[in-house]
2 protein chains.
Amino acid sequence: MKSGPTIQDIAAAAGVSKSTVSLVLQQSPKIRAETAEKVREAARALGYVYNRGAATLRGRRSTTIGMVINDLTNPFFVELLVAIERVLAQSGYTTLMAHTAEDLEMQTRVLQSMREQNVAGLVMSPALGTPDSLPAEIRSWGIPLVLVMRPMGTDVDTIGVDNFVGFQLATEHLIEQGHTRIAFAGNRAGYTVATQRRQGYLKAMADHGLKVDPRWIIDVELTPEGGRQAVRAIFDLASPPTAVVCYNDQVAFGVLRELDRMGKRAGKALAVVGCDNVVASEHTNPPLTTLSAGADTLGTIASETLLSRLEESAHNEQPIMQYFAKPKLVVRESSTGPAQ
Amino acid sequence: MKSGPTIQDIAAAAGVSKSTVSLVLQQSPKIRAETAEKVREAARALGYVYNRGAATLRGRRSTTIGMVINDLTNPFFVELLVAIERVLAQSGYTTLMAHTAEDLEMQTRVLQSMREQNVAGLVMSPALGTPDSLPAEIRSWGIPLVLVMRPMGTDVDTIGVDNFVGFQLATEHLIEQGHTRIAFAGNRAGYTVATQRRQGYLKAMADHGLKVDPRWIIDVELTPEGGRQAVRAIFDLASPPTAVVCYNDQVAFGVLRELDRMGKRAGKALAVVGCDNVVASEHTNPPLTTLSAGADTLGTIASETLLSRLEESAHNEQPIMQYFAKPKLVVRESSTGPAQ
DNA sequence: CTGAAAGCGCTTACAG
DNA sequence: CTGAAAGCGCTTACAG
């Protein structure tokens with residue numbers, strides 16, 4: 001860190017005061033055009049770089065936003081992150097990113113670090129097992145928080161998907177294809193999102209008068225390896241299901257892989273539906289039918305929710321935002337077989 | 001941003017001076033243990049949060065590292081990012097992340113923003129078409145720079161892979177399987193990394209006395225869609241190649257997909273090798289043979305290179321680091337067929 | 001081992 | 001429309 005010219009140096013070069021330089025840099029209309037031009041010229045000539053840290057300290061408002069993500073190995077979150085970063089950058093904010101890898105201790109460290117860095121706001125997808133009290137704690141720090149994908153009560157701005165409706169949709173699609181024995185892969189006990197998804201599945205089954213064998217509801221890790229286990233569990237049954245709804249695309253990828261290894265074809269031996277519509281789902285063999293929440297749209301809404309919180313004053317507080325997008329089903333070969 | 005207690009408040013509560021509090025927070029051995037404990041207790045009681053921005057301003061050294069990545073949709077870079085972040089966090093640094101999406105204007109903006117944020121150092125995978133002068137320019141800013149994956153001359157610390165050796169290896173593996181007509185998918189004119197990879201491929205072919213039809217060297221986008229085009233180009237030839245070396249796993253995914261669509265099986269109709277060993281390469285159908293550079297190792301080395309630059313003084317400058325890992329070939333079914 | 005003082009680079013009322 | 005002055009929260013020589 002060698003320290004370059006400061007506004008003081010510009011002021012001297014342009015023959016004005018520090019205050020004037022500062023106002024010019026903030027594009028203040030209070031400064032005459034010629035003066036402003038003279039100042040900008042001097043700044044350019046000196047190779048001036050604005051010191052945002054000093055401005056934050058003095059001005060008491062920061063332009064960095066913290067983004068805490070639980071799982072960057074899931075491409076859906078990468079797409080979400082990219083979308084959020086894009087919108088925030090357009091509004092002049094810098095994104096401080098952190099990855100918790102579903103580790104609560106890491107999450108605590110990361111949040112601490114973000115406080116120390118003086119973030120103006122926080123977008124967060126909480127790690128599994130995050131205590132329900134965390135949103136209230138963050139609020140007590142005076143940092144606006146928007147939760148993404150993983151709801152934690154109704155007191156905090158939340159952007160996510162309607163998992164119940166989505167999994168109902170996915171299950172009904174399989175029922176329409178003539179399936180009556182449908183499994184659910186990726187149930188995780190005590191995990192809100194998994195519960196919502198399971199209940200959407202159960203609702204669709206019940207609505208169509210289909211019985212569900214408890215062994216069809218398979219608790220596996222939410223990874224490709226989990227998906228492979230699920231397939232083995234399914235074909236271990238005396239009369240195995242003919243279709244499976246997977247917790248997400250990662251699980252579905254494992255399902256497709258294990259089917260292939262067994263010499264079976266997804267869509268024929270077992271109809272498969274995923275969730276997230278990650279880019280790779282279009283390129284699997286066969287291509288994966290999956291629920292699309294639109295990472296791009298969700299990221300945009302999340303950013304905009306946070307931005308409007310940052311702009312609001314004490315008098316014009318807006319109501320809590322709870323937005324759950326209705327997913328769409330993108331039908332590909334894994335659920336229909338090559339015939340269609 | 002509500003402003004909490006400062007070291008001044010702690011000093012008052014603990015009955016010591018500001019200086020003492022500051023020293024305690026820096027774990028200075030100059031302070032007696034009892035005094036330190038008293039100060040820490042007061043800080044805890046007041047709910048104190050360290051203001052890193054103020055410290056940076058006064059101390060003239062920053063603890064944030066900028067990380068500029070060209071393509072987060074490629075999971076390899078995500079793995080790299082995660083590794084780098086982990087190592088830097090262990091050394092007390094915070095990572096400021098930015099994604100350029102191969103856009104030069106975006107890259108310029110992002111670098112500007114990082115300068116304003118006072119980053120102590122920069123890890124960067126430059127966007128395609130970055131001018132050769134950029135590393136020198138960044139050096140002139142006084143910010144240490146480590147390049148990852150994409151070399152730009154020998155004057156700057158660079159961590160990457162030996163693409164030449166890697167693609168030689170990949171091609172030789174296919175030759176050992178009995179292939180003599182081998183294509184290269186993902187040549188991009190004027191792109192250093194693509195050139196290195198192509199030359200590794202050509203070397204292996206030449207070493208084994210195999211001729212290369214120019215139409216086997218296929219220039220496509222470095223995406224799954226590019227891979228699909230490559231397959232169509234291959235089977236349009238009168239006597240098509242029986243194997244293909246792909247620029248990276250993304251391209252290979254498209255190749256596998258298009259083969260499947262044509263009712264052909266990778267490993268039988270066409271042997272396929274990728275590069276990067278991204279997590280998903282293990283879960284394709286069939287699983288993908290690919291070059292592994294070890295994102296984790298590379299990320300660790302890159303971070304450590306940067307950290308040692310940050311610690312060095314003017315007197316003990318270390319030589320430029322140019323580290324190119326020899327990739328390993330992970331052999332899976334896409335290059336051997338199910339027989340093996 | 002601890003305290004008083006200066007100052008990092010900026011912004012923001014307050015005068016004029 | 002512009003300038004002089006105070007101060008954001010911290011660190012770092014310098015005394016003692």
Side-chain angles (χ1 to χ4, degrees), chain A residues 1-40 42-43 46-64 92 115-120 141-142, chain B residues 1-40 42-43 46-64 92 115-120 141-142:
Chain A
M1 284 189 60
K2 67 176 165 202
S3 47
T6 71
I7 55 169
Q8 190 66 270
D9 301 316
I10 301 178
V16 297
S17 78
K18 237 161 41 123
S19 326
T20 303
V21 175
S22 177
L23 291 170
V24 170
L25 295 176
Q26 295 170 74
Q27 325 246 31
S28 162
K30 292 186 195 159
I31 307 292
R32 220 188 331 149
E34 298 117 77
T35 314
E37 192 39 53
K38 199 169 58 181
V39 168
R40 265 190 279 271
L46 292 170
Y48 171 74
V49 178
Y50 186 68
N51 184 328
R52 204 162 287 280
T56 300
L57 177 58
R58 179 57 239 237
R60 311 175 118 283
R61 80 192 120 74
S62 130
T63 55
T64 66
R115 276 184 92 185
E116 294 185 356
Q117 302 274 347
N118 243 297
V119 294
W141 299 344
Chain B
M1 287 190 58
K2 70 176 164 201
S3 46
T6 71
I7 56 169
Q8 190 67 271
D9 301 316
I10 302 178
V16 297
S17 79
K18 244 164 34 128
S19 324
T20 303
V21 176
S22 176
L23 260 12
V24 171
L25 295 176
Q26 294 171 76
Q27 325 247 32
S28 163
K30 293 185 195 160
I31 306 294
R32 220 188 330 151
E34 298 119 76
T35 314
E37 191 39 53
K38 199 170 57 179
V39 168
R40 265 191 281 272
L46 292 170
Y48 171 73
V49 177
Y50 185 68
N51 185 329
R52 203 163 287 278
T56 300
L57 178 57
R58 178 57 239 234
R60 312 176 117 284
R61 78 192 122 74
S62 131
T63 55
T64 66
R115 277 185 91 184
E116 294 186 357
Q117 302 274 347
N118 243 298
V119 295
W141 300 345

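Here is how names work: the chains are called A, B, and so on, in the same order as the sequence lines, proteins then strands, and each is numbered from 1.
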Look at [X] and [N] and indicate whether a side-chain polar atom (N or O) is within less than 4.0 Å of OP1 or OP2.
X: Ser17(A); N: dT2(D); value: no
X: Thr6(B); N: dG9(D); value: no
X: Ser19(A); N: dG3(D); value: no
X: Gln26(B); N: dT12(D); value: yes
X: Arg52(B); N: dT11(D); value: no

Proximity to the side chain of [X] - top-ranked nucleotide from [options]:
X: Ile7(B); options: dC8(D), dC10(D), dT12(D); value: dC10(D)
X: Thr20(B); options: dT2(C), dC10(C), dC10(D); value: dT2(C)
X: Arg32(A); options: dG9(D), dC1(D), dC10(C); value: dC1(D)
X: Ser22(A); options: dT2(C), dT11(C), dG3(C); value: dT11(C)
X: Tyr50(B); options: dT11(D), dG9(D), dT12(C); value: dT11(D)
X: Thr35(A); options: dT11(C), dG3(C), dT2(D); value: dT2(D)
X: Val16(B); options: dG3(C), dT2(C), dA6(D); value: dG3(C)

Starting from the 5' end of DNA chain C, give me the residue, Leu23(A) or Ile31(B), whose nearest nucleotide shows up first.
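In this pair, the answer is Ile31(B).
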Is [Y] close to [X] at the side-chain level, that is, under 4.5 Å between some pair of heavy atoms?
X: Thr63(B); Y: Arg52(B); answer: yes
X: Leu25(B); Y: Tyr48(B); answer: yes
X: Arg61(B); Y: Thr56(B); answer: no

Value in whole Å for how far the [atom2] atom of [N] lies from [atom1] of [X]:
X: Glu116(B); N: dC8(C); atom1: CD; atom2: P; answer: 20 Å
X: Lys18(A); N: dG7(D); atom1: NZ; atom2: C1'; answer: 10 Å
X: Lys30(B); N: dC14(D); atom1: NZ; atom2: P; answer: 12 Å
X: Leu57(B); N: dT12(D); atom1: CG; atom2: P; answer: 12 Å
X: Asn51(A); N: dC8(C); atom1: CG; atom2: P; answer: 12 Å
X: Leu25(B); N: dG9(D); atom1: CG; atom2: C1'; answer: 11 Å

Verdict with reasoning, Leu57(A) to Asn51(B), per side-chain contact (heavy atoms from CB on, under 4.5 Å)
CA-CA 9 Å; Leu57(A) 177 58; Asn51(B) 185 329; 4.1 Å; yes
Answer yes if the side chains of Ser17(A) and Thr20(A) hold a donor-acceptor pair under 3.5 Å, and no otherwise.
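Indeed, the side chains of Ser17(A) and Thr20(A) share at least one donor-acceptor pair under 3.5 Å.
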Should the side chain of Arg58(B) and the base of dG9(D) be counted as holding a donor-acceptor pair, with the cut-off at 3.5 Å?
no
Start with the C-alpha gap between Ile10(A) and Leu46(A), add the side-chain angles, then the distance that decides, and say whether side-chain contact (heavy atoms from CB on, under 4.5 Å) holds.
CA-CA 7 Å; Ile10(A) 301 178; Leu46(A) 292 170; 4.1 Å; yes
Counting only Watson-Crick pairs (N1-N3 plus N6-O4 or O6-N4) and G-U wobbles (N1-O2, O6-N3), all under 3.5 Å, who is the partner of dA4(C)?
none
Paired nucleotide for dA13(C) [Watson-Crick or G-U wobble; both distances under 3.5 Å]
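Checking every strand shown, dA13(C) finds no partner, since no pair has both distances under 3.5 Å.
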When we call it a touch if two heavy atoms are under 4.0 Å apart, what does Gln8(A) touch: a base, just sugar-phosphate, or nothing?
nothing
